[in-house]
*Asks:* 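Mind having a look at this structure? Questions to follow.
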Amino acid sequence: MVKVFLDAGHGGRDPGALGSGLKEKDINLSVALRVGELLTNKGIEVAHSRTDDRFVDLADRAAMANGFGAHLFLSIHCNGFSNPSARGVETYCYPSNSKGQKLAKLIQDSIVSRLSMTNRGVKEANFAVLRLTYMPAALVEMGFITSKGDAYILKDKQEDLSRAIAEGILNYLQIPYTDDKPPLYRVQVGAFRIRSNAEKLVEELKVKGYDAIIVNSKGKTN
Ligand SMILES: [Zn+2]
């Protein structure tokens, strides 16, 4: 079974970046938990560095992922900056790590295209969680909590962000991504050659409180 380790950045006494009335640690956690659900639904075994608001040391996060035997590690963060015009997504990998770079690029591209966010690109950094993990690893900065536009996405588009991240991970693992939105079920009550008969039934249904429409066999609603 494929194992993915998700690391919600910060937590507990460490709130991470602050801005727009939001705390980075809260956004990181709710996105990480949702990404975990989406991956679990695809049959992937998921472990988290934290599933509630607690402080976890950076070295412990990496040790947990190594102990779990994860095939892939993703740390989830939001950016912050003193200038509120700074915005966009960037994803980090460990320097000269080609697998980490590929993972980072797939996640970066997926978020940028799904949410139409500013693309700050894939970058290299000697972050502890990237350095100390044994498996391909990336760290995503999903946007700037200090930017009004990004903060809106971080607060109100978490489902889309989570789906984008899950899609990037699945692309890396070469597992087909399908949106698992439930299908739409339609009910048909009659089929008529003569239009007036169809109209009569629609009227009867409307009287009973049903929102009926006529659709012809060519898929047109007129
Ligand atoms: Zn952070």
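Atoms within each ligand, like the ligands themselves, are counted from 1 in listed order. We use all heavy atoms of the structure for the numbers below, so side chains are in, but hydrogens, waters and symmetry mates are not.
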*Asks:* Restricting to N/O/S, name the atom of H10 that gets closest to the Zn ion (ligand 1).
*Replies:*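 Result: NE2.
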*Asks:* Is the shortest side-chain N to carboxylate O distance from D109 to K105 below 4.0 Å?
*Replies:*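 Yes.
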*Asks:* Can you name the N, O or S atom of H77 that is closest to the Zn ion (ligand 1)?
*Replies:* ND1
*Asks:* Kindly write out the residues that satisfy salt bridge (Lys or Arg N to Asp or Glu O under 4.0 Å) with E24, not counting sequence neighbours, or none if the list is empty.
*Replies:* none
*Asks:* For the Zn ion (ligand 1), decide whether E141 has an N, O or S atom at a distance under 2.8 Å.
*Replies:* no
*Asks:* Among the N/O/S atoms of E24, select the one at the shortest distance from the Zn ion (ligand 1) and name it.
*Replies:* OE2
*Asks:* Decide whether a cation-pi geometry holds between K102 and Y172; the criteria are a distance under 6.0 Å from NZ or CZ to the six-membered ring centre and an angle within 45° of the ring axis.
*Replies:* yes
*Asks:* Salt bridge between K25 and D53, side-chain N to carboxylate O under 4.0 Å?
*Replies:*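 Yes, K25 and D53 are salt-bridged.
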